[in-house]
Enquirer: 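Before anything else, here's the structure in question.
This one's a predicted model, so the numbers in the text were calculated from it and none came from an experiment. Each ligand, and each atom within it, is numbered from 1 in the order the structure gives.
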Amino acid sequence: MKRILLLILAVWWAGGVQGQTKQANAARKSKADAAWVKNIPVEEVIKWRRHIHQNPEISFKEEQTSKYVEDVLKSMGNIEVSRPAKTSVIGVLKGAKPGKTVAFRADMDALPMQEETDLPFKSKNDGVMHSCGHDAHTAMLLGTAATLSRMQKELPGTVYFIFQHAEETPPGGAIDVINSGALKGVEAFFGMHVLPDFPAGHVGILPVGAASTAQDIFNLNIIGKGSHGSMPHLGIDPIVVGAAIVSALQTVVSRNVEPGEMTVVTIGKFQSGDAFNVIADRAELAASIRTTSDKTRKQVEERIKEIIESITKAYGATYELDYINTYPAIQNDEALNAHARKSAVAALGKEQIFDAPMMTASEDFAYYRKIAPVSFMTLGIGKGPANHNPGFTVEESALQNGVKAQVQIILDYLNK
Ligand SMILES: [Zn+2]
Ligand SMILES: [Zn+2]
């Protein structure tokens with residue numbers, strides 16, 4: 001029984017890969033492709049992606065994944081491999097001619113959640129899943145590295161392939177990679193994120209300026225004074241203080257932030273009290289704050305701190321506040337964005353390029369702007385559940401287009 005099942009699975013799997021290849025060939029024939037397109041290892045990209053998908057590891061623990069990536073890069077023969085952090089890998093391809101230095105980044109971490117797909121290569125690690133598509137990012141960038149490594153002789157300049165750990169968990173892995181000093185001299189950074197609900201293989205150019213949001217968090221403890229429910233004059237009610245704070249915080253967006261500056265202040269947690277006739281002595285609040293510019297981010301933080309300080313004081317309570325700045329917003333560079341669009345159109349035709357709306361999520365790719373201008377884009381992966389959903393899947397036919405766009409973006413940048 002088991003053997004029959006295995007046989008069916010094997011036939012299904014092979015059929016899947018063959019199907020992808022047929023689709024890929026059809027895509028290739030649809031327009032006059034550059035000569036290098038035939039060097040894209042389409043089937044290996046799918047194989048790499050499935051291996052990584054099946055063996056997911058959470059942020060900062062990408063030990064097997066980074067080893068796998070390192071081995072694949074080394075097998076290409078002409079890529080220098082280094083470790084800027086324990087579970088990050090950088091591959092450097094030095095072209096035969098001098099020129100500029102450009103980097104493309106993929107992230108490698110998975111999420112602590114149970115996969116609920118019925119893929120034959122579903123996660124083997126209980127409670128860990130590649131539900132954000134970082135398996136696809138890693139496989140595509142390996143495909144890009146393999147394709148370019150075969151063009152070393154005609155390549156001017158240097159390409160950095162960044163396989164980064166821990167995108168999902170602040171403080172994130174990008175900061176470690178940057179602080180390692182390994183990216184000195186890089187003049188431009190590109191990145192690509194898979195996104196469901198857009199046609200598979202279509203590249204979405206995100207806006208110039210804020211392409212994602214900055215995320216900050218606060219945890220607040222309001223310390224009042226417990227009392228009998230019938231004797232409020234002897235207590236300080238932290239629920240009343242908290243309610244006043246929650247109400248006042250709504251005015252940060254509506255009254256302080258310039259209209260048109262996308263800002264969100266969400267109080268996601270407000271817990272206090274155990275009994276109807278007891279005035280509690282503490283209340284706990286937590287909030288998530290999204291902004292898109294450094295100026296507004298700072299302004300919102302200052303206003304929130306002022307409101308908490310003044311209201312607790314007015315009510316005679318005290319407080320403990322932990323305000324945490326996580327990732328800033330990605331700020332897409334205008335010239336690099338135009339470059340990415342032009343190259344993506346050249347690689348895939350303009351009918352496969354679309355204007356993607358700003359991502360409301362946050363991404364530590366934003367930090368690479370500390371070194372050089374950045375451009376982040378999306379890749380459609382067909383209809384399906386959102387990123388971070390236990391049923392998240394990637395339509396693999398999209399991956400070849402992702403590699404094509406990446407290679408073209410890098411080649412055009414170096415040849416400009
Ligand atoms: Zn994610
Ligand atoms: Zn992601």
Enquirer: Before moving on, can you tell me the angle at the Zn ion (ligand 2) between the NE2 atom of His134 and the SG atom of Cys132, to the nearest 10 degrees?
Expert: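 Angle NE2(His134)-the Zn ion (ligand 2)-SG(Cys132): 100°, rounded to 10°.
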
Enquirer: Val394 and His53: side-chain contact (heavy atoms from CB on, under 4.5 Å), yes or no, with the steps?
Expert: CA-CA 10 Å; Val394 171; His53 188 89; over 6 Å; no

Enquirer: Would you mind naming the N, O or S atom of Glu168 nearest to the Zn ion (ligand 1)?
Expert: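 It is OE2 of Glu168.
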
Enquirer: With a cut-off of 2.8 Å, does Glu167 place any N/O/S atom under that distance from the Zn ion (ligand 1)?
Expert: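 So Glu167 does not count as coordinating the Zn ion (ligand 1).
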
Enquirer: N/O/S atom of His137 under 2.8 Å from the Zn ion (ligand 2), yes or no?
Expert: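 His137 does not place any N, O or S atom closer than 2.8 Å to the Zn ion (ligand 2).
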
Enquirer: Do Thr147 and Asn39 pair up side chain to side chain, a donor and an acceptor below 3.5 Å, judged on atom types alone?
Expert: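 No, no side-chain donor-acceptor pair sits under 3.5 Å.
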
Enquirer: Regarding Glu395 and Lys383, does a basic nitrogen lie under 4.0 Å from an acidic carboxylate oxygen?
Expert: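 No.
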
Enquirer: Taking the six-membered ring for Trp and the full ring for Phe, Tyr or His, determine whether the centres of Phe190 and His339 are under 6.0 Å apart.
Expert: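 Judged by ring-centre distance (under 6.0 Å), Phe190 and His339 do meet the cut-off.
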
